[in-house]
Amino acid sequence: MLTAITTPTFVVILSIIAKYSAKLETVSTLLQGIDVDLQEATKHIQDLLSMLEIDRNNCENLFNTIFNEVKLVASKIDLELKLPRRNIKQVHRENYSTNDVKVYFRQSLFIP
């Protein structure tokens, strides 16, 4: 388990989840309520969808911010940010043709 949580992939995914879980919390809390106002819930969901669309259109800058946080966390736990091992013939995941760690994680995890 310690090996899994100290991989660069885990740290990047954790940072992405941390960013979006805060944004999803209001809709999640609203939908779990006893007296759910469907119009209000629909408005919150539409706002969330428009926010996600804006983030998707601005993914380069947004991921740069997230990756800076990842680098800070990685330096605190002595984690080297490196590309996963790649094979010529990959079956269970994509082989992204880049040697840049930030580009790899943006393509494979943030905007797949």
Side-chain angles (χ1 to χ4, degrees):
M1 178 109 163
L2 180 61
T3 303
I5 65 172
T6 56
T7 62
T9 302
F10 181 81
V11 175
V12 172
I13 289 174
L14 190 64
S15 296
I16 294 169
I17 289 172
K19 177 182 177 17
Y20 285 103
S21 66
K23 294 179 179 183
L24 294 170
E25 183 180 10
T26 57
V27 173
S28 175
T29 304
L30 181 70
L31 292 174
Q32 292 176 30
I34 296 172
D35 297 327
V36 178
D37 181 6
L38 290 180
Q39 288 180 337
E40 184 180 349
T42 302
K43 183 188 177 314
H44 281 290
I45 291 170
Q46 291 300 324
D47 291 345
L48 182 64
L49 289 174
S50 64
M51 181 271 310
L52 290 173
E53 186 176 335
I54 290 168
D55 284 359
R56 183 138 179 123
N57 292 332
N58 191 25
C59 66
E60 298 265 336
N61 294 332
L62 189 60
F63 188 74
N64 286 341
T65 304
I66 291 171
F67 197 73
N68 288 335
E69 294 172 11
V70 167
K71 287 193 290 190
L72 183 65
V73 169
S75 69
K76 287 181 181 178
I77 62 172
D78 270 343
L79 176 66
E80 178 186 359
L81 295 174
K82 60 183 179 181
L83 294 173
R85 186 174 60 92
R86 292 185 272 181
N87 288 328
I88 294 172
K89 184 178 180 183
Q90 192 67 268
V91 176
H92 297 291
R93 66 177 171 171
E94 294 291 327
N95 258 346
Y96 296 97
S97 59
T98 183
N99 290 324
D100 185 15
V101 175
K102 182 166 56 172
V103 172
Y104 173 82
F105 285 121
R106 187 183 70 237
Q107 290 176 347
S108 66
L109 300 176
F110 193 63
I111 304 290

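It should be emphasised that the depicted structure is a prediction, and the values quoted were computed from it without experimental measurement.
No donor-acceptor pair under 3.5 Å is formed between the side chain of T29 and the backbone N or O of T26.
Within the 4.5 Å cutoff, the side chain of P8 has no heavy atoms near those of the V101 side chain.
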Stepwise side chain to side chain contact (heavy atoms under 4.5 Å, CB included) test for V36 and L38: CA-CA 6 Å; V36 178; L38 290 180; 4.2 Å; yes
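Taking hydrophobic clusters as Ile, Leu, Val, Met, Phe, Trp and Tyr residues chained together by side-chain heavy-atom distances below 4.5 Å, L52 shares a cluster with L31. Criterion: ILVMFWY side-chain heavy atoms under 4.5 Å apart, direct or through other members. Under it, V70 and L72 are not part of a common hydrophobic cluster.
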For residues 11-25, dump all side-chain donor-acceptor pairs below 3.5 Å to protein atoms at least two apart in sequence or in another chain.
residue: S15; atom: OG; partner: V11; partner atom: O; Å: 3.1
residue: Y20; atom: OH; partner: D55; partner atom: OD2; Å: 2.9
residue: S21; atom: OG; partner: I17; partner atom: O; Å: 3.2
residue: S21; atom: OG; partner: A18; partner atom: O; Å: 3.4
residue: K23; atom: NZ; partner: D55; partner atom: OD2; Å: 3.3

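Closest approach of C59 to R106, counting heavy atoms only: O-CD, 4.4 Å. Shown here for V27 and L48, the closest heavy-atom pair between the two residues is CG2-CD2, 4.1 Å.
Screening residues 32-49 for salt bridge (charged side-chain N to carboxylate O under 4.0 Å, His left out), with sequence neighbours left out, gives K43-D47. The salt bridge (charged side-chain N to carboxylate O under 4.0 Å, His left out) pairs that include a residue from residues 65-78 number zero, where partners must be two or more places apart or lie in different chains. The list of ring pair (Phe, Tyr, Trp, His ring centres under 6.0 Å) pairs with a residue in residues 57-80, not counting sequence neighbours, reads F63-F67, F63-F110. Within the structure, the ring pair (Phe, Tyr, Trp, His ring centres under 6.0 Å) test picks out no pair touching residues 30-50 (sequence neighbours left out).
Taking Q32 as the reference, S28 meet the side-chain hydrogen bond (donor to acceptor under 3.5 Å, both in side chains) condition, with sequence neighbours excluded. In this structure, the side-chain hydrogen bond (donor to acceptor under 3.5 Å, both in side chains) partners of N64, at least two apart in sequence or on a different chain, are K102. Every residue was checked against the side-chain hydrogen bond (donor to acceptor under 3.5 Å, both in side chains) condition with N57, not counting sequence neighbours, and none meets it. F105 pairs by the ring-ring contact (aromatic ring centres under 6.0 Å, His included) definition with nothing, not counting sequence neighbours.
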